[in-house]
Amino acid sequence: MLEPNEIEEEKMVDEAFNHLIDTYLQSRHRKHTEIITKAFNFARQAHRGVRRLSGEPYIMHPISVAQIACEEIGLGSTSICCALLHDVVEDTDYTVEDIRNIFGDKIAQIVDGLTKISGGIFGDQASAQAESFKKLLLTMSEDIRVILIKISDRLHNMRTLGSQLPNKQYKIAGETLYIYAPLANRLGLNKIKEELEDLSFRYEHPEEYKQIKDRLISMEAHLHDIFEEFTSPIRAKLDAAGIQYHIKERIKSPYSIWNKMQKKHVSFEEIYDILAVRIIFTPEEGANNEQEIAECFQIYALASSIYKPHPERLRDWLSHPKANGYQALQSTLMGKHGRWVEVQIRSLRMDEMAEQGFAAHWKYKEGGKSTQDSENELDKWLGTIKDILDDPHPTAIDFLDAIKLNLYASEIFVVTPKGEFRTMPTGCTALDFAFSIHTFVGTHCMGVKVNHQLVPLSQELASGDQVEVLTSKELKVQEDWLNFVTTGKARSKIMAILRRKDRDLQKQGEDMLGQFFEAHEIEQNSINVDKLCILHNIVTREQLYTAIGKGEVVLGNQDVTVLNENTQGKRRWGRYLRFFSRKIKEGETSDAKKAEEPKPAAEAPEQEGKKKKAKKIPLLLNEETIGRYDMCPHCHPIPGDEVLGFQEQDGRITIHKRSCEIANRLKASYGNQIWAADWDTHKKLFFPATIQLDGIDKIGVLHQITGILSEQLNVNMPRLLIETHDGIFRGEIQLEVHDAEDVQEICKKLKKINNINSVTRIS
C-alpha cells in the first residue's frame, strides 16, 4: 500500500503527463497519443524509485523535457516519445536494442544519439563531454530532431540547476553558454537561446545577474511608458491602413546587456538599445512570401513617416533570410524622447519561425507554405557539420572549436561571379569563401578577386562583395592559412591536410632514423630513440620522426656519441629516461581518467582518502594557499572576481575568472576537471590589474591621474602607457591592488576628473 507522500507524488506525475497530452492534442500534429502513453508508462516503470537531486521522482524530468519539446519547440509524437525515453538506456538496464524491439528503429536511433558514451572517438586524449557531443552530432546529421530534444533536455537541466554543487553548476552552465545556446540560435530557437544564456549567466555570475535584473525591474514602468508613447502614433497609422497586427515590447535580456557591457567596456547606463519594438502583422489569407515582404515595407514606410530612421541601421532579412531561417525587416527610429528604438517588422509566420526555428518551418510546410530556402540553408549547415565530423580531431578542444566556429549569430551575403548569393559568417576571409564553395577550390586557391580586384587570401569580406576564386592544381595548403581562416569548415580541412602531410613526414623520418641506426651499427630500440628525444628537447617519438622528416633535426656525430655512452652515462640517462617516460605517460593519460583520480596541489586534495568528498569543497584562496595555484595569464583573476579552478595535466590547478574565454572552452570540454573556488584574502597581498582610460587630451590630465593614484590612493603603477590622436587620448595603467574592490574605487575616483570619458578594467 502506498504512503500518503507516494500517493501525492503519483498524482503529481499523472497531472504532469496529462498536461503534456493536452498540449500535444492542441498542436497541429497528427494525434498519436497511444505511442506517447506507451513510452510514458515504459519510462515510468524504468525510472521507478529513482529521484533527482532536488528530491522529486526522476520521471518528472523526462516529462518536462517532452513538454518543452512539444510546447516550446513544436515537435510531434516521435520526438515526445524520444524525450520521455531519452535517459532510459543511460540510467537503467534497458538497451537500445530493447527500445528498438518495443518502439521501432527511428525512436531507437534518436534515443541512441541522446545517450552519453565514453571512450573511442578522440583516442587517448578523450573528453567524455566532447565524445558524447560528437555522437549527438553524428545522429543529428541523420535526424535534426536529436539536437532539438537535447536542447529541450539542456533547458530543463538549466531550469533545475540550483540543486547541483557549484563545480557542476559551472561545468553545465559553461558548456551551455559555449555550445548549446549558439546551437539553439543556429536552429532559430531565439526564445530558448535567450533563456539558456540568462540561466548560464545567473549561475556563473550571480551578483552581476542580480544587479542587472534589479535594474531592469526598476525600469519596467518607465520603459513601458516609452513603449506606449512611441507606438501610439504607429498604431493610429496601421489602423487607418486597415492592417491586422499586434505590437510587442522586447526588453533586452540580462545576459545580452552584460555581454555588451563586457565587449564594449561600457556601463549599464550607456546601453541604449534595452527597449525594442516588434510589429507582427497577420497577412491576408493565402498571401505568399513576396506579398508578406511587400507588407513589411509598407509598414516600415508608415513608421518612418512618423520617426526619422537611422541611415545606417536598416537590416533587410526578408529577401535573404539568415541561415537559421530568421526573416524580418529591422530599422532603428529616433523617438520623441530622444533615444533610438529598434523596430522589428515581421509577419505572424516569420514571428513563429523566429521563436520555434526549423520546427516551425516543418509546420508551415504542412500548411502549404514554401520553405525551400530555409530547408536548403539547414541542409548546407548539416553538410558542414558532416564535413567536420568526417575529419579526425586530435583533441576535444579542437573539435568543439571547429563546431563553435559554425555557430555564428551574425552573417553577411557574398555574391558569386554568376550572381548567386551565399550566406557567410561575419568576419570571414576570402579563403573561407573558397572553402565554402568546395574543398578542392579551397585547397588549391591561388588568389581571390573581390569586386574585380585581386586581394590577399586573408582579405575580410563585406556584405555585398562579389568574389571570384582563382585556383591552381600546383598549389598546396599552407600552414600559415590557419592564422586567418575563421570558419570551422576551412580550419578543419586545412588541419586534416596538414596532419596527413605530417604523417607522411613522420613515416619518412622513421625510415631515415632506421637507416642511421643501421649505418652506425646501433640497436634501434625505444631506449635509444628516447635518448635522441631528450637530446633534441622533443617530447614524443612521433614528434622526433616528424622533425627528422622535415629536416629540422639532422642526425650526426653528437647523436652517435650520446647513443654510445658508457655505463656511468647510461645510469645518468636512465634517470632522465625514467623522468621522461613518466612525462610521456602523463601526457597520454586520458583527461577523463585523470578527472577520476585528481592529484591537485590544493587544500581540498590533502584528504587523499576522501577525494570525491573533497571535490565538493570549494578551493579556498587565501594568503596561505594562494602559492599552490597558478593564475591564468589571459584573464588575470584577482580577489573579488568570480573564479573557478581547472586541474591541469600535471596536477596543478589554474585559477580562471568564470568569464574567461579559456575557461569557457575548458568547461565545455573537460568539465570534470573544474573546481569551485572562493577568495578569502584580507588585503594583505598585491595583485596586478590593468585599467583603460579614454578622454579628451588636455594639459594637466596626466598629472591629475597620477596625482590621484600615487598621492591620494597610494597605488603603485608598474606600467603606464598613454597615446593621443586628434585631441583624444587612450591610456593603459597597470596597478598593484589588493582586490577588485580597490579597482572599482580607483575607477570611481578617476571618472570624476574633467575630460575623462570612461575608465574600465581590462584585465
Side-chain angles (χ1 to χ4, degrees), residues 9-50 52 56-115 136 139-140 142-157 159-160 187 189 192 352 355-363 365-367:
E9 287 183 351
E10 292 292 310
K11 183 181 177 182
M12 176 180 69
V13 171
D14 288 336
E15 287 176 353
F17 178 66
N18 289 334
H19 177 56
L20 171 63
I21 291 294
D22 290 342
T23 306
Y24 171 67
L25 290 174
Q26 293 170 16
S27 70
R28 303 185 191 185
H29 293 281
R30 290 172 290 182
K31 307 305 181 278
H32 292 157
T33 55
E34 298 84 2
I35 188 72
I36 296 175
T37 304
K38 182 180 178 181
F40 164 67
N41 289 329
F42 184 85
R44 187 181 201 173
Q45 180 272 327
H47 294 299
R48 188 170 296 280
V50 182
R52 302 192 83 205
E56 68 179 10
Y58 193 88
I59 188 62
M60 290 298 293
H61 169 63
I63 294 173
S64 300
V65 173
Q67 184 71 37
I68 292 169
C70 177
E71 182 177 7
E72 300 184 45
I73 300 183
L75 300 178
S77 59
T78 299
S79 300
I80 293 172
C81 288
C82 294
L84 290 168
L85 299 167
H86 79 275
D87 276 337
V88 168
V89 174
E90 183 179 339
D91 295 341
T92 75
D93 292 333
Y94 289 103
T95 65
V96 173
E97 199 57 39
D98 294 328
I99 301 295
R100 181 174 288 107
N101 292 335
I102 299 171
F103 296 98
D105 289 338
K106 177 52 67 177
I107 289 177
Q109 178 193 12
I110 296 174
V111 170
D112 186 34
L114 292 163
T115 303
L136 181 75
T139 315
M140 182 199 75
E142 302 299 327
D143 195 320
I144 194 69
R145 287 174 292 188
V146 174
I147 200 66
L148 295 172
I149 298 167
K150 182 60 181 177
I151 288 172
S152 303
D153 176 43
R154 180 50 57 110
L155 179 57
H156 185 250
N157 283 333
R159 287 173 177 174
T160 57
L187 292 166
L189 304 170
I192 289 177
E352 287 196 39
E355 298 302 322
Q356 293 189 332
F358 286 110
H361 284 281
W362 301 334
K363 177 167 59 180
K365 183 179 181 183
E366 290 173 2

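Any value given below was found using the heavy atoms of this structure, including those in side chains, with hydrogens, waters and symmetry copies removed. In this text the structure is predicted, and so the values were computed from the model without any measurement.
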Task: Chi angles and distances behind the side-chain contact (heavy atoms from CB on, under 4.5 Å) call for Ile59, Phe40 - done: CA-CA 9 Å; Ile59 188 62; Phe40 164 67; 4.2 Å; yes

Is there a side-chain contact between [X] and [Y] in this structure, where contact means two heavy atoms from C-beta onward sitting under 4.5 Å apart?
{"X": "Leu155", "Y": "Glu72", "value": "yes"}
{"X": "Lys106", "Y": "Arg145", "value": "yes"}
{"X": "Leu187", "Y": "Ile151", "value": "yes"}
{"X": "Tyr24", "Y": "Ser77", "value": "yes"}
{"X": "Val89", "Y": "Thr95", "value": "no"}
{"X": "Val96", "Y": "Val111", "value": "no"}
{"X": "Asp91", "Y": "Val50", "value": "no"}

Using a 3.5 Å distance criterion without hydrogens, assess whether the side chain of [X] forms a donor-acceptor pair with backbone atoms of [Y].
{"X": "Asn101", "Y": "Asp98", "value": "no"}
{"X": "Ser27", "Y": "Thr23", "value": "no"}
{"X": "Ser79", "Y": "Leu75", "value": "no"}
{"X": "Lys38", "Y": "Ile102", "value": "yes"}
{"X": "Asp153", "Y": "Ile149", "value": "no"}

Nearest 0.5 Å, please: how far is [atom2] in [Y] from [atom1] in [X]?
{"X": "Ser152", "Y": "Ile73", "atom1": "OG", "atom2": "CD1", "result": "3.5 Å"}
{"X": "Leu85", "Y": "Ile110", "atom1": "CG", "atom2": "CD1", "result": "10.5 Å"}
{"X": "Glu71", "Y": "Ser64", "atom1": "CD", "atom2": "OG", "result": "11.0 Å"}
{"X": "Met60", "Y": "Glu9", "atom1": "CE", "atom2": "CD", "result": "10.0 Å"}
{"X": "Ile35", "Y": "Thr78", "atom1": "CD1", "atom2": "OG1", "result": "8.0 Å"}
{"X": "Ile107", "Y": "Ile80", "atom1": "CD1", "atom2": "CD1", "result": "11.0 Å"}

- [ ] Would you sort out whether Arg52 and Asn157 count as a side-chain contact (heavy atoms from CB on, under 4.5 Å), showing the intermediate values?
- [x] CA-CA 11 Å; Arg52 302 192 83 205; Asn157 283 333; 3.1 Å; yes

Open item on the list: Evaluate Ile99 against Phe42 for side-chain contact (heavy atoms from CB on, under 4.5 Å), listing each step before the verdict.
Closed with: CA-CA 10 Å; Ile99 301 295; Phe42 184 85; 3.8 Å; yes

Open item on the list: Tell me every residue that passes ring pair (Phe, Tyr, Trp, His ring centres under 6.0 Å) with His156, counting only those two or more places apart in sequence or in another chain.
Closed with: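 Expected list: His61.
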
Extract all donor-acceptor atom pairs below 3.5 Å that involve side chains of residues 11-19 and protein atoms in other chains or at least two apart in sequence.
residue, atom, partner, partner atom, Å
Asp14, OD1, Arg44, NH1, 2.9
Asp14, OD1, Arg44, NH2, 3.1
Asn18, ND2, Asp14, O, 3.1
His19, NE2, Gln67, NE2, 3.4

TODO: Show your reasoning for whether side-chain contact (heavy atoms from CB on, under 4.5 Å) applies to Leu25 and Thr33.
DONE: CA-CA 8 Å; Leu25 290 174; Thr33 55; 3.7 Å; yes

Task: Heavy-atom pair of closest approach, residues Leu84 and Pro62 - done: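 Heavy atoms only, the tightest pair is O-CB, 3.4 Å.
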
- [ ] Could you tell me whether Asp93 atom CG has more than 12 heavy atoms of other residues or ligands within 6.0 Å of it?
- [x]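 No, because the 6.0 Å sphere around CG of Asp93 holds 12 heavy atoms or fewer from other groups.
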
TODO: Would you sort out whether Glu10 and Arg48 count as a salt bridge (Lys or Arg N to Asp or Glu O under 4.0 Å), showing the intermediate values?
DONE: CA-CA 11 Å; Glu10 292 292 310; Arg48 188 170 296 280; 3.6 Å; yes

